[in-house]
**Q** 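Can you read through this structure? Questions will come right after.
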Protein chains: 2
Amino acid sequence: MRAVTIKDVAQAAGVSKATASRVLSGHPATSPEARKAVGAAVEHLGFRPNAQARSLRKTRTQTIGLLLPDVRNPFFADLAHAVEQRARDFGYLTLFGNANESVEQQDRYIEVMLSQRVDGVIAAPQGDEENLANLLGSGVPVVFVDRVLDNTDVPSVSPDNVTGIQEAVRHLASQGHRRIGYIAGPQSSSTGRERLTAYREAIAGTGADDAEELIFFGDFQAASGAAGARTLLELADPPTALLAADSLMSIGAIAVCNQRGVAIGSGISFVGYDDIEAFTLLNPALTVIAHDVDAMGRIAVEMLTSVIAGGSPASRVLPSRLIVRGSTPEPSRGQHP
Amino acid sequence: MRAVTIKDVAQAAGVSKATASRVLSGHPATSPEARKAVGAAVEHLGFRPNAQARSLRKTRTQTIGLLLPDVRNPFFADLAHAVEQRARDFGYLTLFGNANESVEQQDRYIEVMLSQRVDGVIAAPQGDEENLANLLGSGVPVVFVDRVLDNTDVPSVSPDNVTGIQEAVRHLASQGHRRIGYIAGPQSSSTGRERLTAYREAIAGTGADDAEELIFFGDFQAASGAAGARTLLELADPPTALLAADSLMSIGAIAVCNQRGVAIGSGISFVGYDDIEAFTLLNPALTVIAHDVDAMGRIAVEMLTSVIAGGSPASRVLPSRLIVRGSTPEPSRGQHP
DNA sequence: CATACTTGTGGAATCGGTTCCATGGAATCG
DNA sequence: CGATTCCATGGAACCGATTCCACAAGTATG
């Protein structure tokens, strides 16, 4: 069962390969008769062009690579979905690479994508420039998403890591909280660093307790969120409010609070990161720092197509905002401040 | 900045293209000198073989397609991750196709995958055989995962849709529940049909109330779970326990219960489907029907490699089991039966 | 009416690898 | 020692599309 080729189509239509190809690619210099004959042959034979052969000849593959740390993280799943949908609009196929939170696997995927000759890459980078040297040195158009690397001039779309945290800290302080625990992300990522700085500045601005013991350093994974909650709850003078720097660490921390019978909303106030669907299930629902993941994915694709076309779009920072729900109630309503 | 080709490598190493190719593909008939020279040239020039050209000549692309309804569903995200990891072990790249719960997009992705000449496809099919005619008629090896299509002899890995539901219904009945509401999946999918049949048989077996009004037909999406919970809670004689046939409908239903102040665990008992991480956050934690998603993904890949190798592996059904947690408490402990 | 410009077409080259086949030299055998 | 086998190698064909180029026929222009 050999696949049908354009040669078979040409033969069946009584024209040359060249003419068949022109008809199929919508070239204007084709006669109505040729169009009709080729169309009929394609239909009859069930011809499906070989994408490999096409992209070998053209230099474009109409494929972009999307390099993510982990699809199982709801934030990245949403991002993947948004990127894929928008890429489709531009006629691009998206090749997902799941680095599985490892720089080695990230490197392997970079190699694969370059071998596949993707037309461009959208990456949420892990590690530093060195880990991405292959990609950055390849000349392939790249756009960073969610995270940024210093010392590079790669265009990026990232969330505003300052405003959301600021609003959250002020919100908690205005409710009388003085000890606000913070489960930080890894300082190797721009996101982790910027959010921590924002937390420190906001704490200083409100005059709340700035003890270093209130900060736990996690790694954006659920387990580290759990570890953070344990550590902070066991302090001699434990925090009355918790703030976590990403969705998975929020999940881990909430699980620990539940296990220990520390009731969220009454026993402790909690602000999570990313407005994922599951957070609305909690009772009370979670106050979160939200940003528009769909927009982030869409814009990343648009920026990449611009880079592919030879442009050099400016990096963008998308707004974050605090969505107040039941997990950070007014002190008068049962919260011990 | 033209890409480095094997011709450049051959030239730099002072050998022919043929020899360079043999060295690169590990052909035994190569001299140590040739290996050394080619190796050095590859290193020096930064050669990266063009996957397009290679798969054009060989008939294999070392790529498999994974066709899923929606990555944003945590169950499918986990499945995607498992498939990708296992495929990697076999030297395959995974091309994700997100059908976005639409048969049109599914069809589009089938076309893309066939054009890309994937070596095989793992699919959680939507619709019926007709919607997959292109794929099934193409001669490309296919394995179904999670869902099954009748009237086809495609090998599949699916969860045991009977045992888990049975255990859940018996568990609830043994706690004294007589009216057990069921939020069913779409009857167009094998999973939806089998789970409903299991529910009906289990209800009959325990002698609980088998009123048709206790069954709501959803579509495996969160919104339909919410609609189901609303409808069932508004019955003149509402159920004292709810059971939902997938994770997203569970999420929707739980959200509605929370909104209405119907406390899960005390106001109503609830059994969810799929043991996703977020469910453990709930307080009380959710009793669920769980199955081993990782195993499902791994086995699907193994079966597909077997089909690619010319075998015809037997379909497999993986066990489900009930994990009892706080959302279905003993009646004596605060549950009104 | 001769020249120039379109228009549709087919032959052939091309993209970057892999692989068949022929060749020459070294090793092995009777 | 001659015949056979083995090994490493290079030339050339090939995979399936696209595209350059030349050409023939038809149309517009001076």
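Naming: A, B, ... by sequence-line order, numbering from 1 per chain. Because only heavy atoms are used, hydrogens play no part in the values below, and waters and symmetry mates are left out as well, while side chains stay in.
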**Q** Between B/I6 (CD1) and C/dC15 (P), how many Å, whole number?
**A** 15 Å
**Q** What is the distance, rounded to the nearest whole Å, between atom CD of B/Q11 and atom P of D/dG10?
**A** 13 Å
**Q** Counting only Watson-Crick pairs (N1-N3 plus N6-O4 or O6-N4) and G-U wobbles (N1-O2, O6-N3), all under 3.5 Å, who is the partner of D/dA8?
**A** C/dT23
**Q** Would you sort out whether B/R88 and A/Q105 count as a side chain to side chain contact (heavy atoms under 4.5 Å, CB included), showing the intermediate values?
**A** CA-CA 10 Å; B/R88 228 169 56 88; A/Q105 285 199 40; 3.8 Å; yes
**Q** Grab the NZ-P distance between A/K7 and D/dC15 for me, whole Å please.
**A** 7 Å
**Q** Kindly indicate whether the side chain of B/R22 and the base of D/dG10 share any N or O donor-acceptor pair separated by less than 3.5 Å?
**A** yes
**Q** Checking the side chain of A/S158 only, and the main-chain atoms of A/V317 only, is there a donor and an acceptor separated by less than 3.5 Å?
**A** no
**Q** Let's see if you can work this out: which of C/dG17, D/dT18, C/dT19 has an atom nearest to the side-chain heavy atoms of A/K58?
**A** D/dT18
**Q** Is the NE2 atom of B/H44 crowded by more than 12 outside heavy atoms at less than 6.0 Å?
**A** no
**Q** If we call it a pair only when both distances are under 3.5 Å in a Watson-Crick or G-U wobble match, what pairs with C/dG30?
**A** D/dC1
**Q** For DNA chain D, whose closest nucleotide is more 5', that of B/A29 or that of B/R117?
**A** B/A29
**Q** Among D/dC14, D/dT19, D/dT9, find the nucleotide with the atom closest to the side chain of B/A34.
**A** D/dT9
**Q** Please evaluate the base of D/dG16 for a donor-acceptor partner in the side chain of B/R57 within a cut-off of under 3.5 Å?
**A** no
**Q** Assess the side chains of A/D70 and B/H81: does a donor N or O sit below 3.5 Å from an acceptor N or O?
**A** no
**Q** Taking only the side-chain heavy atoms of B/T19 (C-beta and beyond), determine which of C/dG17, D/dG10, C/dG11 contains the nearest atom.
**A** D/dG10
**Q** Would you say B/S31 places a side-chain N or O within less than 4.0 Å of OP1 or OP2 belonging to D/dT9?
**A** yes
**Q** Using a heavy-atom cut-off of under 4.0 Å over every strand shown, decide if A/T5 touches base, sugar-phosphate, or nothing.
**A** sugar-phosphate
**Q** Out of C/dG10, D/dA12, C/dG8, which nucleotide sits closest to the side chain of A/V15?
**A** C/dG10
**Q** Consider the side chain of B/L56, meaning its heavy atoms from C-beta on, and name the nucleotide among C/dG10, C/dG17, D/dC15 that approaches it most closely.
**A** D/dC15
**Q** How close or far is atom P of D/dG16 from atom CZ of A/R48, stated in whole angstroms?
**A** 15 Å
**Q** Heavy-atom nearest nucleotide on DNA chain D for B/P32 versus B/A53: which residue maps closer to 5'?
**A** B/P32
**Q** Under 3.5 Å, is there an N or O donor on one side and an acceptor on the other linking the side chain of A/K17 and the base of C/dG10?
**A** no
**Q** Roughly how many Å is it from CZ in A/R35 to P in C/dT7, rounded to a whole number?
**A** 13 Å
**Q** To the nearest angstrom, how far is A/Q52 atom CD from D/dC14 atom C1'?
**A** 16 Å
**Q** Would you kindly give the CZ-to-P distance between A/R54 and C/dC15, to the nearest whole Å?
**A** 19 Å
**Q** To the nearest angstrom, how far is B/R60 atom CZ from C/dT18 atom P?
**A** 15 Å
**Q** Side chain of A/S306, backbone of A/E302: donor and acceptor closer than 3.5 Å?
**A** no
**Q** Nearest to the A/S21 side chain among D/dT18, C/dC15, C/dT9, which nucleotide is it?
**A** D/dT18
**Q** Does a donor on one side chain and an acceptor on the other come within less than 3.5 Å for B/D128 and B/N131?
**A** yes
